[in-house]
S.K.: 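The structure that follows is given in the form of structure tokens.
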Amino acid sequence: MIPVNEPLLNGREKELLAECVDTGWISSDGPFVRMFERNFSHYIGTKHGVAVCNGTAALETALFAAGVGKGDEVIMPAFTIVSCLVATLRLGAVPVLVDVKPATWGMDVEQISSRLTARTKAILPVHMYGHPVDMDPVLALARDYGLIVVEDAAEVHGAEYKGRKCGSLGHVSAWSFYANKIITTGEGGMVLTSDEGVAEKARSYRNLCFRGDRRFYHTEFGYNFRMSNLQAALGVAQLERVQEFVAIKRRLGHLYRAGLASIPGVRFQVEETWAKCVYWMYCIEIDTKLGFTADDARTALADRGIGTRPFFLGLHEQPAARDIGLFLGERYPVTERIARQGLYLPSGLTLTEAQVETVTTELRDVVSQLSAKRSVPSSGSV
Ligand SMILES: Cc1ncc(COP(=O)(O)O)c(C=O)c1O
């Protein structure tokens, strides 16, 4: 089986974890937490880092710290992980959707202005699958309308927009270090910002809003979203190799691109001229004209020992959202199409060039067999 993902943990991870055990610093009070916050914020180019327990908590903490609260509207792409929705709803805020671009599968920024209202508080661009969102128009709108920009940078460690790192472009950004991310702490996340006030609110929120002046006295509610020293030790070791990891992702991305180019009806993620994509996942979209879905391809690839994952289902199609009356009657055609026609191929840092070649060869074969069968009518995809 060629797995869809595998972390690369052969740097100083064991050494730094052993240090935690030897010194007894295993909770969030340890020195690696501060070190990881400092090193990661420095790498991305922000003044402050606030480590938390996962990327979903990072989103909620970032939104809270940036001032999003009850009744505020947050504009986000329909095509994203449910974490964006959950984080918004937990703060009593209201999610407002736009569709995504067909080339990069990232937020269609041209649709944002039509969704603005007097209650709009924030824009939540999600840099998708390693590729940046076109941020200049987002930042211009934010300036013009006094909005906050919260970047979801969970999938773009090291990616750049016009020479600047994703996650340093808005007011605040949210990161994930889940095991499939470019650098990992197993589970983990971080909030980055250059605004001291936002950083202070984020530190407070992740730690139950304890007050410095009076212990166990609370004037606000927060959560225990703390990252442990053990997780941060992994993060410090991983970050030492981030440039090497990004280079691996890009090299494999270019190999996949070359290999997939000759498969008719299979499209790889486009790298825009203003972008440095880090190809977090090697994603493809299958043309509906071929007459089969991503699920059909995933089943056939699994039979050949190739691990894959489906794309996100649009937020507006999530039963849990519809059950509470959200997004009723709303349609986002690009999101709906790619949710059915998109998948990601083996994408781990341990992937070899030979494995990329095997995946491409098997995919070519699967595409030719399935399109010969035409398992679904070409009009039935959306
Ligand atoms: C775009 C995006 N945002 C947020 C998250 C949430 O991160 P976590 O799984 O660490 O909660 C993910 C997770 O994969 C993600 O892909």
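Read the numbers this way: they start at 1 and go in the same order the structure lists the ligands and their atoms. The structure displayed is predicted, hence computed values, not measured ones.
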S.K.: Does Arg250 make a cation-pi contact with Tyr279 (under 6.0 Å, within 45 degrees of the axis)?
M.R.: no

S.K.: Any N/O of Trp280 closer than 3.5 Å to an N/O of ligand 1?
M.R.: no

S.K.: Using the six-membered ring of Tyr43, assess whether NZ or CZ of Lys165 lies under 6.0 Å from its centre and within 45 degrees of the ring axis.
M.R.: yes

S.K.: For Val126, counting its heavy atoms only, list the atoms of ligand 1 lying under 4.0 Å from any of them.
M.R.: 1 (C)

S.K.: Please state which part of Thr56 comes within less than 4.0 Å of ligand 1, counting heavy atoms only: side chain, backbone, both or neither.
M.R.: both

S.K.: Taking Glu110 first and then Arg115, would you say they form a salt bridge - that is, a charged N and a carboxylate O separated by under 4.0 Å?
M.R.: no

S.K.: May I ask whether Gly189 places a heavy atom under 4.0 Å from ligand 1?
M.R.: no

S.K.: Looking only at distances, can you tell me whether any N or O atom of Ser176, backbone or side chain, sits closer than 3.5 Å to an N or O atom of ligand 1?
M.R.: yes

S.K.: So which protein heavy atom does atom 12 (C) of ligand 1 come closest to, and at what separation?
M.R.: Ile81 CD1, 3.7 Å

S.K.: Considering distance alone, does some N or O of Gly55 sit under 3.5 Å from an N or O of ligand 1?
M.R.: yes

S.K.: Can a salt bridge be assigned to the pair Arg340 and Glu285 using a cut-off of 4.0 Å between side-chain N and carboxylate O?
M.R.: no

S.K.: Number the atoms of ligand 1 from 1 as they appear, then name those within less than 4.0 Å of a heavy atom of Asn54, with their elements.
M.R.: 10 (O), 11 (O)

S.K.: I'd like to know if Arg203 pairs up with Glu196 as an ion pair, taking the criterion as any Lys NZ or Arg NE/NH1/NH2 lying under 4.0 Å from an Asp or Glu carboxylate oxygen.
M.R.: yes

S.K.: Look at atom 13 (C) of ligand 1 and find which of Glu155, Lys181, Met281 reaches it with the closest heavy atom.
M.R.: Lys181

S.K.: Look up atom CH2 in Trp175 and atom SG in Cys166, then write down how far apart they are to the nearest 0.5 Å.
M.R.: 7.0 Å

S.K.: Can we say Arg251 and Glu353 salt-bridge, meaning some charged N sits less than 4.0 Å from an Asp/Glu carboxylate O?
M.R.: yes

S.K.: Out of Phe311, Phe79, Phe268, which residue meets the ring-ring contact (aromatic ring centres under 6.0 Å, His included) rule with Trp105?
M.R.: Phe311

S.K.: Just need the protein heavy atom nearest to atom 3 (N) of ligand 1, so name the residue and atom and give the distance.
M.R.: Asp152 OD2, 2.7 Å

S.K.: Where on Asn180 is there a heavy atom closer than 4.0 Å to ligand 1, on the side chain, on the backbone, on both, or on neither?
M.R.: neither

